[in-house]
Structure formats: structure tokens, C-alpha cells
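Keep in mind that the numbers below use all heavy atoms, side chains included, and drop hydrogens, waters and symmetry copies.
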There are 2 protein chains.
Amino acid sequence: MTASGRPSGPEVIWARPERAGRGPRPAHTRAEIAAAAVRVADAEGLDGVSMRRVAAETGCGTMSLYNYVPRKEDLYELMVDAVVAEYEFPDAPSGDWRADLKALCRQTRGIMHRHPWVPRLMSPAHGFSPNALRYFEYALWAMEGLDVDNGTKVELLAMLNGVITAYVSNELSTAERARTSPYSPEQEQAARTAYIMRVLAGGAYPRMAKTLTEGPGRFDPDEVFARAIDRVLDGFEAESRRGS
Amino acid sequence: MTASGRPSGPEVIWARPERAGRGPRPAHTRAEIAAAAVRVADAEGLDGVSMRRVAAETGCGTMSLYNYVPRKEDLYELMVDAVVAEYEFPDAPSGDWRADLKALCRQTRGIMHRHPWVPRLMSPAHGFSPNALRYFEYALWAMEGLDVDNGTKVELLAMLNGVITAYVSNELSTAERARTSPYSPEQEQAARTAYIMRVLAGGAYPRMAKTLTEGPGRFDPDEVFARAIDRVLDGFEAESRRGS
DNA sequence: CGTAGTTACGTACAGCGTACGTAGTGGAGT
DNA sequence: ACTCCACTACGTACGCTGTACGTAACTACG
């Protein structure tokens, strides 16, 4: 394979050397480009991330970007890796796997809040980027005190991240909608609740009406999130006790 | 507001009357258009769904589609509602909420397998389409025997659907990648495993290496899925027993 | 020291969502 | 019965996208 230009076969971008032996010294680095793309996505949303826009932000010609990033999908991979780098791991786990995993989950949510486009890019395809590997290694370390087999640990991590992604997506969807819509959030909200009220008034969905009207008052997002994570961990802890 | 043309305010498509009082009889229906879009997405992937393509499939001019569907996002909403219509609900729940919810989850997974683009469109924005309401109403009915408050029931449904979406996304990502990539699945797989092996051979990620090499043999997707759902249900059942 | 491989980047193409304008249709109000 | 105008249908056009391809400059290796 060649270090740039069209690849001769399917390639993971991380397998490409960043600098080829021959030719002029590249004017930019992957890290620079990733940072530029993240900047654009944070400021203008994921749809604002186009090759032209990122190239401009990086300070190079549009097509020069393709020397660093063969396909747009690879740019996404760089972006995810760049934000996964924001995790801060202690020198060693505390020994309390539950607390350590919960802290990890809080960090995941924090990253997604800082970079609302992350949930949309979540995919197993990005599971082997350098920083994802760092994350995975630490998570496995933190789980050493958890008495279940390796497969179950992997399943636990997958479920935690799945739940977090789903939860934060819901959390952010209103905000993201507001960013895109030409109307004010109040107008949007008003239109939706008006519609729902009209539907429920029809009486065709009595259980739903009851559930939505006599809903509980507790809506603190942090609490809902913590509760969700706790429930997932509960399930696996029970399994560990059963197994040992 | 007017029934077609640019809306005068933010609108849910379901609040628009399908047929206006005045003017010529529309040549197509929402159902027809949704079916056409679903056909295209099933055959060519979600990226194949363009307004032009769907219009052609429906048999009308590109811009005529905008009489039925003001924005592309609304087309997505029609598509999701169309596949949510595939749920088959019994006349009444069995009384065993666990079994009923599990059956519902299996149906969700089935729908996502038949329409691999569904996970990408999962969003709370689609939670109030007519068929989503039918789903929600039945699910609440099925949970009448579960002794937790309404808020918890909503959280359970959200978590189940989140976990299913994440799980099926993982399940499908390889297939979807194969559909898009110009290389054979074997080539893709070979490139990825070669890369991972090289990384793990470096010794920087010992726990990960151990986990991946001495992984368990049980990989039956149906089992992994059932186990995940069961664990979620376990957590909530425990909570119900604690509460009552 | 040539030369092959790399970097840089402009041009060009096919496709996208959709704003806008025009023509024709048919139900509601007089 | 007749008029009016909201509505349907649809062609054209604009600005945007990802990226294939060609060209020119540069540098490390044989």
C-alpha cells in the first residue's frame, strides 16, 4: 500500500503512517485536522463539517485534505478519536469497579455534552482508534474486581455505552432541533404539545394520556442518568453474585 | 396555517390534514410515498433516499413531493411511522409483563433487521407518530402488572429501545459497511484483524489482548440479544420488588 | 544525480435539498 | 351558474456536497 493517494485495498486510517518516507514534509498533521473538524462540528453542528469547510479551517486547499484523509468517513474517525482523548484516567482504578465505571460513564456523558455530534458518530467502527484502545484497556482494568467472564465484561461495556448514547441523544435532541429550526424553541414546543394534547384529547390512547398527565415531578437530568446507569450495573452485579 | 406550501409556523407533519378542502384531488397519498421511500431505503440504503429518487419511485415530479412532505425530515418521519406499523399487537396483553415486553423487543429487532436504516433514524422526534402512539399505548398496557410508577415505566421503555437500537446497530454495522465498501467483506475483515493483531502484539494493551484472545465461544446473536434484554428487565423487576 | 513517490491544489462532475415561478384544477361563496 | 383563489403539479435554477483526475513542485532513496 501507499501512504497516500488511493489505497490499494481496504484500510484502517490508523494503519497508515502519518508521514511517508518520501516527498515534501506535510504542512499539517492529523491532530491539526482533527482539531479543526471538531472545532467546526462544535460550532456549526456535524452537518457543517464538509471537506471544504475543514480544509479552510485547517488552512489548506480542499483537495489537499485528501492527502491526509482518504475518505470523509476517516475524517469522522479522526474526530471521534480526538474527543475520546478527553477522557482522564486515574493512574490506577480504585478497586471499586462500580464507582470507577460510573465515573467513566459520567465522563462519557460530559464528552457528549461538550460535543453534541458524538452520539451520531457512535459506531463499533471507531472502537479501535488509539484513544478508544486506551479507554477500553482502562475499563477492563477497572473491572478486574468484577467476577464475571470476559465476554460478559465486554457486554457490560457495550450496554453502558449504548444506554449512554441513547440517553444523551434524547437529552440533546431538543437542543439540536432548536439549533436547526428556523423557529424559536418556544414555538416548536408549543406546536408539539398542542398536537399531542389534541391527540390525547381524542381518547384513543387512555393509558398514554394517564401516564403523561400524571407524570412524576422528578425531571432532574443528572438523576435520571445516574439511575439508568445504576440499574444497568445492578443487573450485572446480581449476575456476578449469582455466578460466584 | 395552510395545508400545503410553506407552513406559517413550526409543524408536526401529523397535524397537517392529508387532503385539503380545496383544489384538485392529490394524485398520491402519504402512505404511497412512505412505502416508496421505504422501498428505496431497503434496496439502496438510507443514503439512496433522496427527494428526487423517492419522487421518481412514487411516479411524480421531484417538486410535487414537497406538496406532501414539506421537508426531508418529514419524509423520514413518514418512513419510521410506516415501519412501526409492522408491529403486531395481541388483542390484549397476556398478563405476564416480562414475556410481553420481551416479545415486543423481539419485534423491534425484527423490524430493524428488515429495515437496517431504522436505527439511524431513531429519535424521540418520531415518538408521536400515529403508529408510535399505538406502540406506546400497548406497551403501557402490557406493563400494567408491573408495580413501579409511571415515570419508571417510561424510563424502562426508553432503556429497552436504547439498548435494542445500540445492539442492532452493532449487529448491522458490518453488513452495512460491506454494502458500501468497494472491497469484499473478507478483504475488509482481513485488513481490520491484521491491524488489531499488530496493535495488540505491541503489548501496550495487555488486558485487551487477553480479553480478545481468550474470548468466550458463545457468539449466537439471538442469545446475546436475549441476554441483554433480560438483564435490563432484571434490574427493573428487582426495583419493583423492592418498592412493593 | 536521476527518478519515483509524495505533497499541494485547481478544475470539473454528478448529485443533493429546496426556493421560486407558472399553469391548471376544482370546491366554496355569491 | 359563475367567479375566485387555494391548491396541485412540476420545471428551472442556486448553492452546496463528496471526490475523481490532472498538473506542478518537492525530496529521499537507489
Taking 4.0 Å as the cut-off, does a side-chain nitrogen or oxygen of [X] come that near to OP1 or OP2 on [N]?
X      : N       : result
S64(B) : dC10(D) : yes
Y68(B) : dA9(D)  : yes
T62(A) : dC9(C)  : no

Whole angstrom value for the distance that separates [atom2] of [N] from [atom1] of [X]:
X      : N       : atom1 : atom2 : value
L75(B) : dG17(C) : CG    : P     : 9 Å
R16(A) : dG5(C)  : CZ    : C1'   : 14 Å
M63(B) : dT8(D)  : CE    : P     : 14 Å
R25(A) : dA28(D) : CZ    : P     : 8 Å
D47(A) : dC16(C) : CG    : P     : 17 Å
R71(B) : dA19(C) : CZ    : P     : 10 Å
N67(B) : dA9(D)  : CG    : P     : 6 Å
L65(A) : dT7(C)  : CG    : P     : 13 Å

Query - Carboxylate-amine/guanidinium proximity below 4.0 Å for R30(A) and D81(A) - result: no
Query raised in the report: Which nucleotide in the list dC20(C), dA28(D), dG17(C) gets nearest to the side chain of R22(A)?
Result: dA28(D)
**Report entry** Among dT8(D), dT18(C), dT17(D), the nucleotide that comes nearest once only the side chain of K72(A) is considered
**Finding:** dT17(D)
Report task. Looking only at non-hydrogen atoms, find the nearest pair between A27(A) and E32(A) and report the distance. Result -> O-OE1, 4.3 Å
Query raised in the report: Minimum heavy-atom separation for V12(B) to A191(A), with atom names?
Result: CG2-O, 4.4 Å
Requested in this report: Just say parallel, tilted or perpendicular for the rings of F89(A) and Y135(A), cut-offs at 30° and 60°.
Outcome: tilted
Query raised in the report: Hey, what do you get for CD (E44(A)) to CD (E57(A)), rounding to the nearest 0.5 Å?
Result: 7.5 Å
Requested in this report: Have a look at G61(B) and say if it touches a base, only the backbone sugar-phosphate, or nothing, with a 4.0 Å heavy-atom cut-off.
Outcome: sugar-phosphate
Query raised in the report: Looking across every strand, which nucleic acid part, if any, lies under 4.0 Å from V54(B) by heavy atom: base, sugar-phosphate, or nothing?
Result: nothing
**Report entry** N/O donor-acceptor pair, side chain R52(B) with base dG15(C), under 3.5 angstrom
**Finding:** no
Query raised in the report: When the nearest nucleotide of DNA chain D is assigned to Y76(A) and to C60(B) on a heavy-atom basis, which residue is associated with the more 5' position?
Result: C60(B)
